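What follows is a set of notes on a single structure, which appears directly below.
Here the structure is a predicted model, which means the values were calculated and not measured.
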Amino acid sequence: MNQNEFYAEYMRIEHQNKLIMNNTGKIPTELISLSCQSACLSICGSLEHCLKLIFVEYAKRKSGNKLNSAIAKLCNSFQNPNARKILDLVKLFDEEFGRELEALWSKDNESEKSYLDNLVDDGHSIAHRKRPHVNVTLKKLDDYFKAYKALLTRIRDHFLNNTAAAR
């Protein structure tokens with residue numbers, strides 16, 4: 001996954017969020033609420049998809065065909081990427097970076113971890129109708145997008161753009 005693909009994905013999600021925000025007050029609140037839920041699902045799905053693409057690409061760069069195939073299967077079974085699952089997956093590829101991410105989330109940036117967990121929980125609840133109503137506000141949507149973008153940028157930069165990780 002190259003820079004342009006990431007940029008296009010970020011822009012798609014950001015445009016969707018801005019469209020909802022720009023229509024606040026112009027359309028019924030029920031439509032805004034449903035749009036926020038839809039955008040939450042979109043962000044959650046994109047997070048899962050992009051993480052898979054990052055690690056499959058990293059595996060291609062680092063390994064032979066047999067290992068690459070096994071990693072692709074592992075990544076394709078990766079679903080509902082809450083913070084714990086993300087850490088576990090990152091540590092499979094780079095234990096030290098996984099510990100750094102865990103430390104970051106436990107000290108300086110605990111809110112990012114919480115937003116990611118809430119994003120996945122809300123997305124799962126919406127997709128599987130686990131609760132009759134999932135309240136995804138515009139503020140929540142903005143927080144989810146920021147956490148999504150920060151995490152994917154951090155992981156992509158480490159595994160695909162970092163020359164130390166690419167060795």
Side-chain angles (χ1 to χ4, degrees), residues 1-24 31-63 68-69 71-94 97-98 100-101 104-105 109 111-128 134 136-166:
M1 178 170 240
N2 66 37
Q3 293 281 40
N4 291 335
E5 290 171 303
F6 265 101
Y7 182 73
E9 188 66 11
Y10 293 155
M11 293 307 295
R12 180 185 69 80
I13 301 278
E14 188 173 53
H15 177 72
Q16 182 179 11
N17 293 352
K18 283 182 181 178
L19 190 63
I20 296 166
M21 290 178 194
N22 290 341
N23 281 296
T24 302
L31 285 176
I32 295 293
S33 179
L34 288 172
S35 297
C36 286
Q37 288 182 12
S38 176
C40 176
L41 281 173
S42 187
I43 295 169
C44 193
S46 179
L47 175 66
E48 183 178 306
H49 178 70
C50 288
L51 286 169
K52 288 176 185 180
L53 290 176
I54 290 168
F55 288 110
V56 167
E57 177 63 27
Y58 181 70
K60 283 180 191 173
R61 293 179 185 184
K62 294 282 287 185
S63 65
N68 180 35
S69 208
I71 291 169
K73 284 180 185 176
L74 168 75
C75 289
N76 285 330
S77 67
F78 182 69
Q79 296 178 333
N80 301 318
N82 62 27
R84 179 82 260 151
K85 287 181 179 180
I86 292 168
L87 280 174
D88 289 345
L89 186 63
V90 166
K91 286 179 179 180
L92 285 174
F93 291 92
D94 187 334
F97 181 65
E100 289 171 14
L101 182 58
L104 175 72
W105 282 348
N109 208 353
S111 61
E112 180 179 288
K113 177 183 179 283
S114 295
Y115 292 139
L116 292 167
D117 283 338
N118 292 338
L119 165 67
V120 171
D121 182 52
D122 284 350
H124 191 262
S125 294
I126 294 165
H128 298 282
V134 179
V136 180
T137 63
L138 292 169
K139 170 74 171 113
K140 261 188 179 181
L141 200 57
D142 188 50
D143 291 338
Y144 289 170
F145 177 72
K146 288 175 184 170
Y148 151 91
K149 188 173 179 180
L151 175 74
L152 285 179
T153 300
R154 190 177 302 115
I155 289 176
R156 184 205 61 219
D157 287 352
H158 178 78
F159 286 103
L160 300 183
N161 296 342
N162 183 346
T163 54

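With sequence neighbours left out, Lys52 forms a salt bridge (charged side-chain N to carboxylate O under 4.0 Å, His left out) with Glu48. Lys18 meets the salt bridge (charged side-chain N to carboxylate O under 4.0 Å, His left out) test with no other residue; sequence neighbours excluded. By the salt bridge (charged side-chain N to carboxylate O under 4.0 Å, His left out) test, Arg84 pairs with Asp88, Glu102, sequence neighbours left out.
With Asp143 as reference, Lys139 is the one residue of Lys146, Lys139, Lys140 to meet the salt bridge (Lys or Arg N to Asp or Glu O under 4.0 Å) rule.
Residues Ile155 and Phe55 have side chains in contact (heavy-atom distance under 4.5 Å, counting atoms from C-beta outward). Leu31 has its side chain out of reach of Asn23: every pair of non-hydrogen atoms, C-beta onward, lies at least 4.5 Å apart. Asp142 is not listed as a side-chain neighbour of Asn17, based on a closest heavy-atom distance of 4.5 Å or more. A heavy-atom distance below 4.5 Å is not found between the side chains of Val136 and Ser33. Side-chain atoms of Leu152 and Ile54, non-hydrogen and from C-beta on, do get closer than 4.5 Å to each other.
The closest donor-acceptor contact from the side chain of Ser46 to the backbone of Ser42 lies at 3.5 Å or more, if one exists at all. Ser125 places a side-chain N or O within 3.5 Å of a backbone atom of Asp121 that can act as its donor or acceptor partner. Not one N or O on the side chain of Glu9 forms a donor-acceptor pair closer than 3.5 Å with the backbone of Cys50. For Asn82 (side chain) and Val120 (main-chain N/O), no donor-acceptor pair under 3.5 Å exists by modelled atom type.
Scanning all heavy atoms of the two residues, the minimum distance from Pro81 to Ile86 falls at O-CD1, 3.1 Å. Considering all non-hydrogen atoms of both residues, Ile20 and Ala39 come closest at CD1-CB, 3.7 Å. Among all heavy-atom pairs drawn from Glu112 and Ala150, the shortest one is OE1-CB, 3.3 Å. Summarising the geometry of Gly123 relative to Cys40, their closest heavy-atom pair is N-SG, 3.9 Å, with the distance given to 0.1 Å. Closest non-hydrogen pair, Arg61 versus Leu160, comes out as NH1-O, 2.7 Å.
Between Tyr144 and Tyr115, the ring-plane angle classifies as perpendicular under the 30° and 60° cut-offs. By the 30° and 60° cut-offs, the orientation of the rings of Phe97 relative to Phe159 is perpendicular.
Atom CD1 in Ile126 sits 4.5 Å away from atom CD in Gln37 (nearest 0.5 Å). Here CZ of Phe145 is found 7.5 Å from CD1 of Ile13. Values are rounded to the nearest 0.5 Å. Here the SG-CG distance, from Cys44 to Asn80, works out to 6.5 Å after rounding to the nearest 0.5 Å. For the atom pair CG (Leu101) and NZ (Lys113), the distance works out to 10.5 Å, reported to the nearest 0.5 Å. A distance of 13.0 Å separates CD in Gln16 from CE in Met11, rounded to the nearest 0.5 Å. Going from atom CD1 of Ile32 over to atom OG1 of Thr24 covers 4.0 Å, rounded to the nearest 0.5 Å.
Residue His15 qualifies as open at atom NE2: its count of foreign heavy atoms under 6.0 Å is 12 or below.
Thr153 and Tyr10 are linked by a side-chain donor-acceptor pair at a separation below 3.5 angstrom, with hydrogens and angles left out of the test. Asn118 and Asp122 form no side-chain donor-acceptor contact under 3.5 Å, judged by distance and modelled atom types alone.
Ion pairing between a basic and an acidic side chain is recognised when a charged N comes within 4.0 Å of a carboxylate O; Arg156 and Glu5 show no such pairing.
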Tell me, with the steps shown, if Cys36 and Thr137 meet side-chain contact (heavy atoms from CB on, under 4.5 Å).
CA-CA 7 Å; Cys36 286; Thr137 63; over 6 Å; no

Run the side-chain contact (heavy atoms from CB on, under 4.5 Å) test on His158 and Val90 for me, step by step, so that the C-alpha distance in whole Å, both residues' side-chain angles and the decisive distance to 0.1 Å come before the verdict.
CA-CA 10 Å; His158 178 78; Val90 166; over 6 Å; no

